[in-house]
Amino acid sequence: MPELHTIRWVQEEPRNKGAWTFIREYLEEISGLEIEYAGRPAKASPAAGRYSRHLIEHEAILTGAFKEHTI
């Protein structure tokens with residue numbers, strides 16, 4: 001069984017919303033790993049505001065979620 005080297009938290013909400021700010025410290029404590037974040041940047045509004053911007057942000061989330069991690 002391969003060893004776990006990376007945990008990546010993926011969320012659609014902005015970085016300062018959703019569970020990320022709560023769960024990061026807990027996951028790092030129990031895993032002993034630094035948790036990576038893939039999601040929208042922190043912002044005051046939970047929505048992108050324009051559909052074209054939403055598509056750009058959504059694509060960035062998916063790219064971040066499935067990117068390769070090099071050790």
Side-chain angles (χ1 to χ4, degrees):
M1 176 180 268
E3 291 183 33
L4 179 64
H5 297 283
T6 304
I7 297 175
R8 186 171 297 131
W9 182 264
V10 182
Q11 70 177 28
E12 192 172 15
E13 296 88 1
R15 187 178 188 113
N16 58 326
K17 311 271 192 237
W20 170 246
T21 54
F22 166 77
I23 201 73
R24 178 184 184 184
E25 186 177 330
Y26 178 74
L27 288 177
E28 288 179 344
E29 182 180 322
I30 64 173
S31 70
L33 298 169
E34 184 176 337
I35 310 301
E36 296 181 4
Y37 172 83
R40 298 182 194 285
K43 52 172 72 171
S45 173
R50 289 182 307 188
Y51 184 65
S52 60
R53 183 67 193 157
H54 165 78
L55 292 177
I56 291 168
E57 291 179 356
H58 190 72
E59 181 66 30
I61 291 168
L62 293 175
T63 299
F66 294 106
K67 73 178 181 178
E68 285 292 320
H69 180 74
T70 57
I71 299 171

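Position 1 is the first residue of the sequence, and the numbers go up from there.
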Original post:
Do H54 and E59 have side-chain heavy atoms sitting under 4.5 Å apart?
Top reply: no

Original post:
Just wondering, do K43 and P14 contact through their side chains at under 4.5 Å, heavy atoms?
Top reply: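 A side-chain contact exists here, since the closest heavy-atom pair is under 4.5 Å.
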
For the student: nearest non-hydrogen atoms of [X] and [Y], plus distance:
| X | Y | answer |
| --- | --- | --- |
| E57 | A48 | OE1-CB, 3.7 Å |
| S31 | I35 | OG-CD1, 3.9 Å |
| G64 | A38 | C-CB, 3.7 Å |
| N16 | A42 | OD1-CA, 3.3 Å |

Original post:
Quick one: do L55 and F66 end up in the same hydrophobic cluster if we chain Ile, Leu, Val, Met, Phe, Trp and Tyr together by side-chain heavy atoms under 4.5 Å apart?
Top reply: no

Original post:
What about V10 and L27, same hydrophobic cluster or not, with Ile/Leu/Val/Met/Phe/Trp/Tyr joined at side-chain heavy-atom distances under 4.5 Å?
Top reply: no

Hey, could you give me the [atom1]/[atom2] distance between [X] and [Y], rounded to the nearest 0.5 Å?
| X | Y | atom1 | atom2 | value |
| --- | --- | --- | --- | --- |
| H58 | R53 | NE2 | CZ | 14.0 Å |
| E34 | T6 | CD | OG1 | 10.0 Å |
| I7 | I23 | CD1 | CD1 | 10.5 Å |
| I56 | I61 | CD1 | CD1 | 12.5 Å |

**OP:** Applying side chain to side chain donor-acceptor pair (under 3.5 Å), name anything that partners E28, two or more places apart in sequence or on another chain.
**Re:**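 Once residues adjacent in sequence are excluded, the partners of E28 under the side chain to side chain donor-acceptor pair (under 3.5 Å) criterion are R24.
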
**OP:** Flag this pair as yes if the NZ/CZ of R8 is under 6.0 angstrom from the six-membered ring centre of Y37 and inside a 45 degree cone about the axis; otherwise no.
**Re:** no

**OP:** Verify, without hydrogens or angle tests, whether Q11 (side chain) and W20 (backbone) share a donor-acceptor contact under 3.5 angstrom.
**Re:**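 Yes.
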
Original post:
Would you call E13 and R40 a salt bridge, using N to O less than 4.0 angstrom?
Top reply: no

